[in-house]
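Numbering of ligands and ligand atoms starts at 1, following listing order.
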Amino acid sequence: MEKYINYEMCKKCGGACCKQNGCVYLPKDFKSFEPSEIIKELDKGKISISGQPVNFYNNKWTYIPYLRARNKGAEIVDLITYGGPCINLTDSGCDLSEDKRPSCGLLVKPTKIGGPCKRMKEDVGMQWLEYSGVLESLIKFYTNKNMIDVIASQISEKIVEIKKKENNNIPLSEMEKLNILWYCGIIVNRPYYGPDEVKKMMLIY
Ligand code: SF4
Ligand code: SF4
């Protein structure tokens with residue numbers, strides 16, 4: 001996989017992208033997908049189970065869980081994230097060596113100080129779809145709830161907080177604006193299909 005590094009430019013920038021959100025891993029960043037191995041990684045405190053909603057067919061939506069560099073103050077299960085800064089961001093840049101960095105971070109080509117920088121195309125969702133079962137079981141392990149119920153409760157929490165901010169004229173972060181777009185605009189009133197159903201449907205379509 002190609003990787004893009006420009007220490008000089010990112011130093012001048014101060015990590016605008018890392019302040020916005022921890023970058024996303026690809027499955028190949030992990031030696032094993034045995035749940036016990038992933039639990040060991042998660043319990044080190046630097047990675048969260050996160051993910052994103054995806055429109056996949058005719059207004060249906062699903063949620064593809066994946067692993068991301070944890071955001072400061074975020075929980076292990078951070079499905080509807082507040083965003084960054086990333087826990088690995090220090091005053092001197094990313095704390096992780098290049099070989100330990102999430103692959104999606106290395107796919108961002110530094111092109112503009114302050115960002116947004118160009119992201120190289122990689123089908124992240126499709127790569128993670130294969131591992132959704134493992135991640136859903138880990139969500140259950142940590143929260144004792146099914147993934148969709150965690151999504152629903154985290155959306156409700158975030159919407160309440162966003163409304164409070166709006167009522168007090170407190171500006172919203174980029175992630176909060178995005179959350180409103182995604183979660184109020186796209187998800188509400190559309191049918192949800194779990195990743196397993198999506199995999200089956202993809203075999204049909
Ligand atoms: S926003 Fe661009 S220039 Fe700034 S740290 Fe990120 S990749 Fe580097
Ligand atoms: S892991 Fe490193 S490169 Fe990725 S968001 Fe965090 S600080 Fe930035």
G105 heavy atom under 4.0 Å from ligand 2: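 Outside the 4.0 Å threshold, so no.
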Under 4.0 Å to a heavy atom of C17 - the qualifying atoms of ligand 1, by number: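 So the answer, numbered in order with elements, is 1 (S), 5 (S), 6 (Fe), 7 (S).
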Atom indices of ligand 1 within 4.0 angstrom of G115 heavy atoms, with elements: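 Near G115, meaning under 4.0 Å from one of its heavy atoms, ligand 1 has 1 (S).
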Atom 4 (Fe) of ligand 1 contact by C13, N, O or S atom under 2.8 Å: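 Yes, C13 qualifies, because one of its backbone or side-chain N, O or S atoms lies under 2.8 Å.
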Exercise: do T81 and N71 side chains pair donor with acceptor under 3.5 Å: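 Note: T81 and N71 side chains meet the donor-acceptor criterion.
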Short side-chain donor-acceptor distance under 3.5 Å, D29 and S103: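 Their side chains do contain a donor-acceptor pair, which is all the 3.5 Å distance test asks for.
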Verdict with supporting geometry, K163 and E166, salt bridge (Lys or Arg N to Asp or Glu O under 4.0 Å): CA-CA 5 Å; K163 292 283 166 214; E166 281 180 334; 3.6 Å; yes
is_close_aromatic(Y25, Y66), centroid dist under 6.0 Å: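 No, the ring of Y25 stays outside the 6.0 Å limit from the ring of Y66, centre to centre.
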Mutual orientation of the aromatic rings belonging to W128 and F33 [parallel < 30°, tilted 30-60°, perpendicular > 60°]: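 Ring orientation of W128 relative to F33: perpendicular.
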Within reach of ligand 1, part of K112 (heavy-atom separation under 4.0 Å):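 It is the backbone that gets close, since no side chain atom is under 4.0 Å.
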N, O or S atom of C86 closer to atom 6 (Fe) of ligand 2 than 2.8 Å: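 Of the N, O and S atoms in C86, at least one lies under 2.8 Å from atom 6 (Fe) of ligand 2, which means yes.
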Side-chain ion pair, E161 and K158, N-O less than 4.0 Å: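 No, this pair does not count.
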Which heavy atom of the protein is the closest neighbour of [atom], given with residue, atom name and distance?
atom	answer
atom 8 (Fe) of ligand 2	C18 SG, 2.4 Å
atom 1 (S) of ligand 2	N88 ND2, 3.6 Å
atom 2 (Fe) of ligand 2	C94 SG, 2.3 Å
atom 4 (Fe) of ligand 2	C23 SG, 2.3 Å
atom 5 (S) of ligand 1	G15 CA, 3.5 Å

Non-hydrogen side-chain atoms of P195 and E136 separated by less than 4.5 Å: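 Yes - at least one pair of side-chain heavy atoms lies under 4.5 Å apart.
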From CG (L138) to CD1 (I38), nearest 0.5 Å: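 One finds 7.5 Å between CG of L138 and CD1 of I38.
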